[in-house]
Colleague: 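Below are the structure tokens for one structure; questions will follow.
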Amino acid sequence: MIVSRSINTIRTAAGKARKKSKRIGFVPTMGALHKGHLSLVKAARKECGFVTVSIFVNPIQFGPREDFRSYPRNFKKDEMLLEAEGVDLIFYPSISGMYDRDFSVYVEEISLSRYLCGKSRPGHFRGVCTVVAKLFNIVQPDIAYFGQKDYQQAQIIKRMVKDLNFSLKVKVMPIVREKDGLAMSSRNKYLSIKERKDALCLYNSLMLASKMVKGGICSSATVVANMKKLIRNQAPYARIDYINIVNPGTLEEVKKIKGKVLAALAVYIGKTRLIDNMLLR
Ligand code: PAF
């Protein structure tokens, strides 16, 4: 396994694999890897002859009062996990290696980014698109893998790939959950024992939404009101950022549930902002 901070080394190694007609699979991450990330790596390993993973806590996707400084970092453990998955290449750039002092070009998606997390985290998806575009240019993968837990991010990246004619396929893999249903996230590490229990309210509220929709309830307002009620009951100290029922393609809110919709929410459990979502029919 090659591990490098150097863009040139990554380009050369990926270039050699390409010359050997190996399909290049790419999993961009911010490290603090868990089973969710590893499911993306496993999918890449299955489908591609050469697997690259990037580990970079991207400062420009964090707001000024967000957790960039405290974001969990454990490179040695991540390296061990990736080695065990048979990864070929880890790209582990420094901040200055990615962003020159005079860096001044950004990539911004302006439609899907208006909703859900885009509303409460202004500039977040601009930072994500910019770093992912750079990583795509450096690695030049055939397939890039993203998790459905960040549903909006995956949709925005797909749109960027289409609109900017990147020559690669984006694959979105299912959410990996703990046994009790909590979606795996690097931020779960922040939770105290009590908060970890409270955090289950996200998944429970989505399961309630699913049950209601299956039961024939088609008013989004009713579903959202019941999800809020469940969260208030199960985790009285949780602070709801948003709960929305949206069109899974456009991410616009829907009033009447017809066909497939996405229920998505962000909730603060203590200081930790967690997100989750579920496709409902
Ligand atoms: O999902 C993440 O971990 C990040 O947003 C990503 C895609 C690696 C970009 O920094």
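For clarity, every value in this text was computed on a predicted model and none was experimentally measured. In each ligand, atom 1 is the first atom listed, and ligand 1 is the first ligand listed.
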Colleague: Tell me the protein heavy atom at minimum distance from atom 2 (C) of ligand 1, and give that distance in Å.
Modeller: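 Of every protein heavy atom, Gln153 NE2, 3.8 Å lies nearest to atom 2 (C) of ligand 1.
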Colleague: Need the ligand 1 atom indices (1-based, order shown) with element for anything under 4.0 Å from a heavy-atom of Thr29.
Modeller: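 Answer for ligand 1: 8 (C).
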Colleague: Extract all donor-acceptor atom pairs below 3.5 Å that involve side chains of residues 256-269 and protein atoms in other chains or at least two apart in sequence.
Modeller:
none

Colleague: Share the residues that join Val176 in a hydrophobic cluster, the rule being Ile, Leu, Val, Met, Phe, Trp or Tyr side chains under 4.5 Å apart at the heavy-atom level.
Modeller: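 Same cluster as Val176: Met184.
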Colleague: For the CE atom on Met1, are there more than 12 heavy atoms of other groups (residues, nucleotides or ligands in this structure) within a distance under 6.0 Å?
Modeller: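 Atom CE in Met1 is crowded, with more than 12 foreign heavy atoms closer than 6.0 Å.
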Colleague: Tell me the contacting part of Ile157 for ligand 1: side chain, backbone, both, or neither, using a 4.0 Å heavy-atom threshold, strictly below.
Modeller: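 Neither part.
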Colleague: May I ask you to check whether Glu47 and Tyr145 show a side-chain donor-acceptor distance below 3.5 Å?
Modeller: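 Looking only at side-chain atoms, Tyr145 and Glu47 do form a donor-acceptor pair, the distance falling under 3.5 Å.
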Colleague: List every atom of ligand 1 that sits less than 4.0 Å from any heavy atom of Val131, numbering the atoms from 1 in the order shown and giving each element.
Modeller: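 What qualifies from ligand 1 is 9 (C), 10 (O).
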Colleague: For atom 10 (O) of ligand 1, what is the nearest protein heavy atom, given as residue, atom name and distance?
Modeller: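 Nearest protein contact, heavy atoms only, for atom 10 (O) of ligand 1 is Gln61 OE1, 2.6 Å.
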Colleague: Can Tyr92 and Asp78 be counted as having a side-chain donor-acceptor contact under 3.5 angstrom?
Modeller: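 No, because no side-chain N or O of Tyr92 sits under 3.5 Å from a partner of the opposite role on Asp78.
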Colleague: Return the closest protein heavy atom for atom 3 (O) of ligand 1 as residue, atom name and distance.
Modeller: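 Atom 3 (O) of ligand 1 sits closest to the protein heavy atom Met30 CG, 3.6 Å.
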